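These notes concern the structure reproduced below.
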Protein chains: 2
Amino acid sequence: MSSIRVLLVDDHPVVRAGLRAMLGDFPGVNVVAEAADGDAALAELGKLHTLGEPVDLVLMDLQMGSGMDGVTATQKIRAGEAGTPPPPVLILTTYDTDADILAAVEAGASGYMLKDAPPEQIRQAVLSAAAGQTALAPEVAARLMGQIRNPSQVLSGREVQLLELLATGMSNRAIAKQLFISEATVKTHLVHIYSKLGVDNRTAAIATATQRRIIRGH
Amino acid sequence: MSSIRVLLVDDHPVVRAGLRAMLGDFPGVNVVAEAADGDAALAELGKLHTLGEPVDLVLMDLQMGSGMDGVTATQKIRAGEAGTPPPPVLILTTYDTDADILAAVEAGASGYMLKDAPPEQIRQAVLSAAAGQTALAPEVAARLMGQIRNPSQVLSGREVQLLELLATGMSNRAIAKQLFISEATVKTHLVHIYSKLGVDNRTAAIATATQRRIIRGH
DNA sequence: GCGGGGGTCATCCAAATGGTTGATTCAGGC
DNA sequence: GCCTGAATCAACCATTTGGATGACCCCCGC
């Protein structure tokens, strides 16, 4: 079987160097290009395709300091916007919030790994993803399992949306206006959120939602 | 001049590999050991010292998934607890919150760099730090400058302390009990914090304090 | 030794938030 | 068709928070 041709997308030179070195040690894996953001990644994919050197797998970070972020880039790649038969995209990032994971999966990622994973785990994920299979980090899988096992504590989409606005410091009134609903409804949602999270005020809701990685704390 | 002997401390295998590769490309720099947390770092320092192969510079991450964190490790190293003449410690991390920077400087770090820095910047920092000079990332330097230029907006230590408790979701009463002060005092501090941050409620204070990296959003 | 800033506390009042109950609409599953 | 859960709204009241003012102590620098 021929070698797996990989495109690295990460804005940190240090991390790119690390992945290049690590993947270089894996037999059957070949890093053929690198990009520092989503735009560059799409450009690289197109370029390599016209050169007749297609990419078998994209290793993508989600957080990119500038330029197109990882989720958008994944969407565009999977939608075929690079002008190529879309290669699978394996997310490799530091954060594992519910929001991030869901966004990545919806964007069409075929895997989600964390950067602190041991090399062997990353190697397995790369091979799986390149073979068209799904590759989830144990931590990520565990979070999804937990949600399925305890659905009563799963926040609805609307509730997460409120929580995100809450975390920006908006008042109930401001949130109501922003979402075109009444303050009463905002309060109802908040009560539900509090009971699901087991807290009794908004700051605590933000704190535990951040800790449980339901929303971003950054 | 002989080569600079470096100890890498970072819990991410990927990042260690990246730094090893990157530093390996710098002439006059030599990675002689690695550690995944603070405890291991101290052990390595001691071991290398008894072997007569002292370390010239420690490259340290602040966030360590488990084991001793980077600030504590830096403190102990600089206090000579590794049983060696303390080598300079250069912090290399992803985050640049005020709290992190101050803690690192107080712990005795002689530099503070960010992981998304270009290799050349990292090389300069390594050389400076090994030579006993201070090496600050431009972003970090800018933040310190900003504080000096606009001292009216600098929060006092007590205020930051309150802010951190605030961010955990505690009520004024709970904060008062925790700090052994009255609720009235808590409210006074909060008013000062609000005016310094330019906000008018606690959640907004948390949001902007997190954004401005006065406290951690994690 | 005087001023200023940080930290502490109190009181009073207005505004925002939390908690409860109850009700309507709508979509989806059995 | 019925039930459930999500989302919407309202009215009420208790509690918490926010804002303003004034005061005391202590340390440090000029």
Side-chain angles (χ1 to χ4, degrees), chain A residues 98-99 102 106 147-210 214-215, chain B residues 98-99 102 106 147-210 214-215:
Chain A
D98 286 8
L102 290 180
E106 280 172 13
Q147 286 207 357
I148 293 167
R149 209 173 291 134
N150 206 343
S152 77
Q153 289 183 14
V154 177
L155 300 184
S156 71
R158 193 62 158 171
E159 285 162 351
V160 173
Q161 195 181 1
L162 248 92
L163 211 35
E164 278 168 350
L165 294 181
L166 203 63
T168 68
M170 294 170 76
S171 70
N172 290 351
R173 183 169 305 166
I175 295 175
K177 279 187 186 168
Q178 170 108 23
L179 297 181
F180 302 107
I181 57 180
S182 80
E183 251 180 281
T185 306
V186 172
K187 289 172 69 174
T188 306
H189 283 308
L190 288 184
V191 170
H192 292 159
I193 292 172
Y194 297 161
S195 83
K196 284 183 182 178
L197 294 183
V199 301
D200 61 356
N201 67 63
R202 55 178 56 214
T203 46
I206 296 172
T208 76
T210 307
I214 295 166
I215 57 171
Chain B
D98 286 7
L102 291 179
E106 281 172 14
Q147 286 207 356
I148 293 167
R149 210 173 291 136
N150 206 342
S152 76
Q153 290 183 14
V154 177
L155 300 184
S156 72
R158 193 62 157 172
E159 285 162 352
V160 173
Q161 195 181 1
L162 248 92
L163 211 35
E164 279 168 350
L165 295 180
L166 202 64
T168 68
M170 292 170 75
S171 69
N172 291 350
R173 183 170 304 167
I175 295 175
K177 280 188 185 166
Q178 170 107 21
L179 296 182
F180 302 106
I181 59 181
S182 80
E183 246 179 284
T185 306
V186 173
K187 289 171 70 172
T188 306
H189 283 307
L190 287 185
V191 170
H192 293 159
I193 292 172
Y194 296 161
S195 84
K196 284 183 181 176
L197 294 182
V199 300
D200 62 356
N201 68 64
R202 53 178 56 212
T203 46
I206 297 172
T208 77
T210 307
I214 296 166
I215 57 171

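Chain A is the first sequence line, chain B the second, and so forth, proteins listed ahead of strands; every chain is numbered from 1. Fair warning: this is a prediction, and the values are worked out from it, not measured in the lab.
- A side-chain N or O of B:S182 and one of B:T185 form a donor-acceptor pair less than 3.5 Å apart.
- In this structure B:R158 satisfies the salt bridge (Lys or Arg N to Asp or Glu O under 4.0 Å) test with no other residue, sequence neighbours excluded.
- In this structure, CD1 of B:I175 is placed 14 Å from P of D:dT16, rounded to the nearest angstrom.
- Helix-axis bend for the helix from C:dG1-D:dC30 to C:dC30-D:dG1: the local axis fitted to the five terminal pairs at one end deviates from that at the other end by 40°, rounded to 10°.
- The heavy-atom pair separating A:S171 from A:R202 by the smallest distance is CA-NH1, 4.2 Å.
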Query raised in the report: Reading nucleotides 9-24 of chain C from the 5' end, what letters show protein touch, with B for base, S for backbone sugar-phosphate only, - for no heavy atom under 4.0 Å?
Result: BB-----SSBBB----
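- Counting all heavy atoms, side chain and backbone alike, A:I206 lies closest to A:A167 at CD1-CA, 3.6 Å.
- Taking atom NZ on B:K196 and atom C1' on C:dG5, their separation rounds to 9 Å, with Å as the unit.
- The nearest pair of heavy atoms linking B:L166 to A:T203 is O-CB, 4.1 Å.
- Annotation for A:I175 and A:M170: closest pair CG1-CB, 3.7 Å, computed over non-hydrogen atoms.
- Scanning all heavy atoms of the two residues, the minimum distance from B:G169 to A:A207 falls at N-CB, 4.2 Å.
- Residues A:V199 and A:A204 come closest through the heavy atom pair CB-CB, 3.8 Å.
- Residue B:L179 contributes atom CG, which lies 15 Å from atom C1' of C:dG6 at whole-angstrom precision.
- Distance, B:H189 NE2 to D:dG19 C1': 17 Å, rounded to whole Å.
- The phosphate of D:dA6 has neither OP1 nor OP2 within less than 4.0 Å of any side-chain N or O from A:H192.
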